[in-house]
Chemist: 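The structure's right below; bear with me while I get my questions together.
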There are 2 protein chains.
Amino acid sequence: MAHKTRPVILRAFRGIDGFASARELHAQAVGNGDALGLATVYRELRRMVSEEIVDVVHDLDGEARYRHCDEAHHHHLVCERCGLTREIAGEEIETWIIGVAQSAGFHQIRHTIELVGLCSTCAS
Amino acid sequence: MAHKTRPVILRAFRGIDGFASARELHAQAVGNGDALGLATVYRELRRMVSEEIVDVVHDLDGEARYRHCDEAHHHHLVCERCGLTREIAGEEIETWIIGVAQSAGFHQIRHTIELVGLCSTCAS
DNA sequence: CACCATTTTGATAACGGTTCTCATTTGTCC
DNA sequence: GGACAAATGAGAACCGTTATCAAAATGGTG
Ligand SMILES: [Mn+2]
Ligand SMILES: [Mn+2]
Ligand SMILES: [Zn+2]
Ligand SMILES: [Zn+2]
């Protein structure tokens with residue numbers, strides 16, 4: 001029998017909109033009837049982040065928030081009121097980054113780009 | 001007599017290249033002969049961040065790292081090996097962000113963009 | 001199934017950065 | 001100097017995360 005933790009985490013992600021903290025994911029899993037320990041949640045999330053199955057960003061307080069993502073490389077547009085999240089991708093910006101880095105003589109560039117604002121519903 | 005903490009923090013920043021943690025700034029200040037408590041460092045940094053005098057980013061562990069910045073709005077290109085930091089600004093990317101946000105119906109967009117890599121010295 | 005080696009799990013302790021508390025110190029004004 | 005307000009900082013508290021390690025689950029093997 002294969003490990004059972006990952007499917008539990010994936011199901012928890014499916015029940016949550018946008019980014020979620022480790023504790024929120026744990027609560028969601030328990031609510032789903034999937035009993036598991038908080039330590040296991042942290043451990044599995046660490047693995048999924050290292051496998052790039054899950055994106056992680058830190059909020060203003062430094063708390064990690066996770067999201068299960070579909071595509072290989074993209075960024076996020078998040079509503080800071082309701083949590084609605086859109087995935088965004090643009091070749092333009094990737095090109096711009098590479099250009100900036102090269103002209104400064106930098107190599108092996110990684111980047112973080114996150115956009116936060118109010119969605120159309122929350123703005124009205 | 002005005003408060004004395006802020007000049008002490010600014011002097012600590014001057015002695016550090018790139019981003020620094022609260023503890024590093026405290027150590028730098030003490031090394032400068034400016035005795036002050038760590039709680040005071042945190043308090044003043046919070047003020048300076050809220051006044052947008054200081055930029056703050058969170059490293060992979062979630063620890064806050066601060067930088068005293070000159071210009072109003074810009075981003076950073078940081079060498080992850082030696083800490084060398086270049087400030088970068090580009091109207092292109094700001095325009096792209098506004099376009100993406102508008103087409104998704106989002107308002108009042110804030111953004112985080114950080115580039116990390118190896119500087120020319122460290123890459124060789 | 002019985003046995004044992006390996007892996008996974010999770011309750012709890014430990015850790016570390018940040019914030020809070022509040023008594024003491026410092027500044028300001030008369 | 002005296003009275004009041006503001007700033008300071010040592011230490012406690014807080015809280016998200018990671019480390020521990022014993023118990024449980026797994027999976028061969030005979
Ligand atoms: Mn994503
Ligand atoms: Mn800057
Ligand atoms: Zn919204
Ligand atoms: Zn470097």
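Proteins get letters first, then strands, A, B, ... in listed order; numbering begins at 1 in each. Side-chain atoms are counted along with the backbone in the values below, which use heavy atoms only and exclude waters and symmetry mates.
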Chemist: Under the side-chain contact (heavy atoms from CB on, under 4.5 Å) rule, collect the residues that match up with A:Glu63, sequence neighbours excluded.
Modeler: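 Checked A:Glu63 against side-chain contact (heavy atoms from CB on, under 4.5 Å); matches are A:Ser21, A:Asp59.
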Chemist: Under 4.0 Å from OP1 or OP2 of D:dT8: is there any side-chain N or O of B:Thr5 that close?
Modeler: yes
Chemist: Rounding to an integer number of Å, can you tell me how far A:Tyr66 OH sits from D:dT17 P?
Modeler: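 Checked: the OH to P distance equals 5 Å.
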Chemist: Whole angstrom is fine here: how far is it from CZ in B:Arg46 over to P in D:dG9?
Modeler: 14 Å
Chemist: When B:His75 is tested against each of B:His111, B:Glu87, B:Arg86 for side-chain hydrogen bond (donor to acceptor under 3.5 Å, both in side chains), which residue passes?
Modeler: B:His111
Chemist: Could you tell me whether A:Glu114 and A:Arg65 make a salt bridge, using a distance below 4.0 angstrom between a side-chain N and a carboxylate O?
Modeler: no
Chemist: Using whole Å, what does the distance between atom C1' of nucleotide D:dC14 and atom CD of A:Glu63 come to?
Modeler: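 For the pair A:Glu63 CD and D:dC14 C1', the rounded distance is 13 Å.
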Chemist: Counting neighbours of CZ on B:Arg23 that are heavy atoms of other residues, nucleotides or ligands and sit closer than 6.0 Å, is the number greater than 12?
Modeler: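 12 or below, so no.
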Chemist: Report yes if the side chains of B:Glu92 and A:Glu92 come closer than 4.5 Å at any heavy-atom pair, otherwise no.
Modeler: no
Chemist: Near DNA chain D, counting only heavy atoms under 4.0 Å, which residues of residues 36-45 of chain A show up?
Modeler: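 Under 4.0 Å from DNA chain D: A:Ala39, A:Tyr42.
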Chemist: Less than 4.5 Å apart, any side-chain heavy atom of B:His68 and any of B:Ile16?
Modeler: no
Chemist: Just how far, in rounded Å, is P of D:dT17 from CG of B:Leu60?
Modeler: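 The distance from CG of B:Leu60 to P of D:dT17 comes to 13 Å, rounded to the nearest Å.
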Chemist: Can you hop from A:Ile93 to B:Val116 via hydrophobic side chains spaced under 4.5 Å?
Modeler: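 They do not share one cluster, since no chain of ILVMFWY contacts under 4.5 Å joins A:Ile93 to B:Val116.
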Chemist: Parallel, tilted or perpendicular: which one describes the rings of B:Phe19 and B:His76, with boundaries at 30° and 60°?
Modeler: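 The rings of B:Phe19 and B:His76 stand perpendicular, inter-plane angle above 60°.
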Chemist: Going by number, which of residues 20-31 of chain A have a non-hydrogen atom under 4.0 Å from DNA chain C?
Modeler: none
Chemist: Whole Å only: how far is the NE2 atom of B:His58 from the P atom of C:dG16?
Modeler: 18 Å
Chemist: Let me know the distance between NZ of B:Lys4 and C1' of C:dT26, rounded to the nearest Å.
Modeler: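 Atom-to-atom, B:Lys4 to C:dT26, this comes out as 8 Å.
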